[in-house]
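Accompanying notes for the structure given below.
Just so it is clear: chains get the letters A, B, ... in the order the sequence lines come, proteins before strands, and each one is counted from 1. Values reported hereafter were calculated over all heavy atoms of this structure, with side chains retained and with hydrogens, waters and symmetry mates removed.
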Protein chains: 2
Amino acid sequence: MKLTVAQEDYLKAIWKQGHNRRKVNIKRIADELQVASPTVISMFNFLSRAELLQYNKTDGARLTERGEHMARKLIRKHRLIETFLEDVLGLSGPILHREAEKLEHVISDQLMDHIDAHLGFPRTDPHGEEIPALHHPLTKYTLAELENGQRFEVYRIELSSGEKKYCKKYGFKEGSHWNLSEKDPTGSVFLLSDGSHYLALSAGQAERIRVILQTRSEMDRA
Amino acid sequence: MKLTVAQEDYLKAIWKQGHNRRKVNIKRIADELQVASPTVISMFNFLSRAELLQYNKTDGARLTERGEHMARKLIRKHRLIETFLEDVLGLSGPILHREAEKLEHVISDQLMDHIDAHLGFPRTDPHGEEIPALHHPLTKYTLAELENGQRFEVYRIELSSGEKKYCKKYGFKEGSHWNLSEKDPTGSVFLLSDGSHYLALSAGQAERIRVILQTRSEMDRA
DNA sequence: AATAAAAGTTAGATTATTCTAATAAAAAAG
DNA sequence: CTTTTTTATTAGAATAATCTAACTTTTATT
């Protein structure tokens, strides 16, 4: 789905603030983007309907998997463009950001890849900021894809607030470590935590949970 | 004044068709831009109010001085961008046009100048099309700036249709050659044509007529 | 706890760009 | 010179992004 420039700017703003572990509320986005708060509310409504964002007053805004992927791509483009303007055209100063801010919305993924290759796949931009990879490297699995006995860290829970509350009660939250004790024929998963907590999730719920697989070497290291 | 992408696309479309000496009517622009004709009408209304365009059903659309300048700049950007993508990134094929079509609307004049210099001021794009200069080289004078005795070719008449009709009656039209016989203290000009036509224009009218100055050498050549 | 301040929300308006449907005017064809 | 076709135009609606004004809820301060 093709987003407008404004929609992309909101994704970026939300991503940046979420990255700083701040609660992403209406006011902060309104201030950052220099718009009135009702404008932010209507955009949040749009992004929620488009399943790019989850929002409620108490928890603030949180990008969904798709929303975060789009935001990451934009940040990546921004930083690659700045790098390009400096390395290839020899520019510096505020023009880097000014032009990148506009170019990031129109340069295609295909062209961006060419530019990335032309630059030799740089890892940081002219300001020393990291250029994020296209895909978050460690989080390509959902809980539904794991096999019996695999250990994992919870990376992202994308469930309703009711379901989340249930998870929280059992200590199943982002950053916690679990072991897939059993997966039944319907796809339901039974989980065991280090602290001997026990939890069951349906196949549908397991699909909406991203995990970071614990590899053998990581387990050895610990 | 900053134009939107849509507005710029109309200027470009009108410029291209005008350049091919076709009458620029609603239908042709609607077809080129793949929009419905009422859409073109409302955009023509906007561009007319912004003094970038003159339109009437019989003569079709004609860009004003300012409109033409903006269109020229866009075409220039488009062609410079295509050249850049080919020369610097080694790209070819439809991606050149596809990306240039988006980039031309967001790259600043300043960045464009840098790119132009980086490319060594190319004169043609990858398709062999001419990259127009920023300013039309020969038309920097209005009739109001000329001195007694100077010869010129009429380049652009930007008058009301009533005034234009009056000019036409005396053979004063774009492409015709004249001699400034006298300029009175109020700025009114008195003109003499090769075919012995005679015409008087007010100072205000003279300001809205662009001319190509006939230099000594050109006159000698003829 | 009562009040003040801040943040969130709803309602309604505006601008830009587009559409469809209906009508008017001009050009082409018979 | 009437009829048909094409082109232009008006009217009215939709979407995206924004605003202001008014109201509600939450948070902070006394």
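Within the nucleic acid shown, B/Ala36 comes within 4.0 Å of at least one base atom, counting heavy atoms only. Using a 4.0 Å heavy-atom criterion, one finds that A/Tyr10 contacts the sugar-phosphate atoms exclusively.
Phosphate contact (OP1/OP2 of C/dA16, side-chain N/O of B/Gln7, threshold under 4.0 Å): absent.
Residue-to-nucleotide proximity on DNA chain C shows that, of B/Thr39 and A/Ile26, the 5′-proximal contact is made by A/Ile26. Comparing B/Lys23 and B/Val35 by the nucleotide of DNA chain C that holds the closest heavy atom to each, the one mapping nearer the 5' end is B/Val35. Across the interface with DNA chain D, nearest-nucleotide mapping of A/Phe46 and A/Lys57 shows A/Phe46 to be the residue nearer the 5′ end.
Computed from coordinates, the A/Ile41 CD1 to C/dA7 P distance equals 13 Å when rounded to whole Å. Across the protein-nucleic acid pair, B/Tyr55 atom OH and D/dT7 atom P stand 12 Å apart, rounded to whole Å. Counting to the nearest Å, the P atom of C/dA6 and the CD1 atom of A/Ile29 are 20 Å from each other. Taking atom CD of B/Glu8 as the reference point, atom C1' of C/dA16 lies 14 Å away to the nearest angstrom.
The side chain of A/Met43 has D/dT18 as its nearest neighbour among D/dT18, C/dT18, D/dT7. Considering only side-chain atoms of B/Ser42, the nucleotide from C/dT18, D/dC19, D/dA17 that sits closest is C/dT18. Set against C/dA21, D/dT7, C/dT18, the side chain of B/Lys27 has D/dT7 as its closest nucleotide. Closest contact between the side chain of A/Thr4 and the listed nucleotides D/dC19, D/dA16, D/dA8 involves D/dA16. Across D/dA8, C/dC19, C/dG8, the shortest atom-to-atom separation from the side chain of A/Asn25 is found for C/dG8.
Donor-acceptor pairing under 3.5 Å is lacking for the side chains of B/Glu86 and B/Thr83. Side chains of B/Glu99 and A/Ser108: a donor-acceptor N/O pair is present below 3.5 angstrom, by distance only. In this model, no donor atom of one side chain and acceptor atom of the other lie less than 3.5 Å apart for A/His78 and A/Asp125.
Taking a pair to require two hydrogen-bonding distances under 3.5 Å in either a Watson-Crick or a G-U wobble arrangement, D/dT7 pairs with C/dA24.
One finds a salt bridge joining B/Glu68 and B/Arg72 here, because a Lys/Arg side-chain nitrogen approaches an Asp/Glu carboxylate oxygen to under 4.0 Å.
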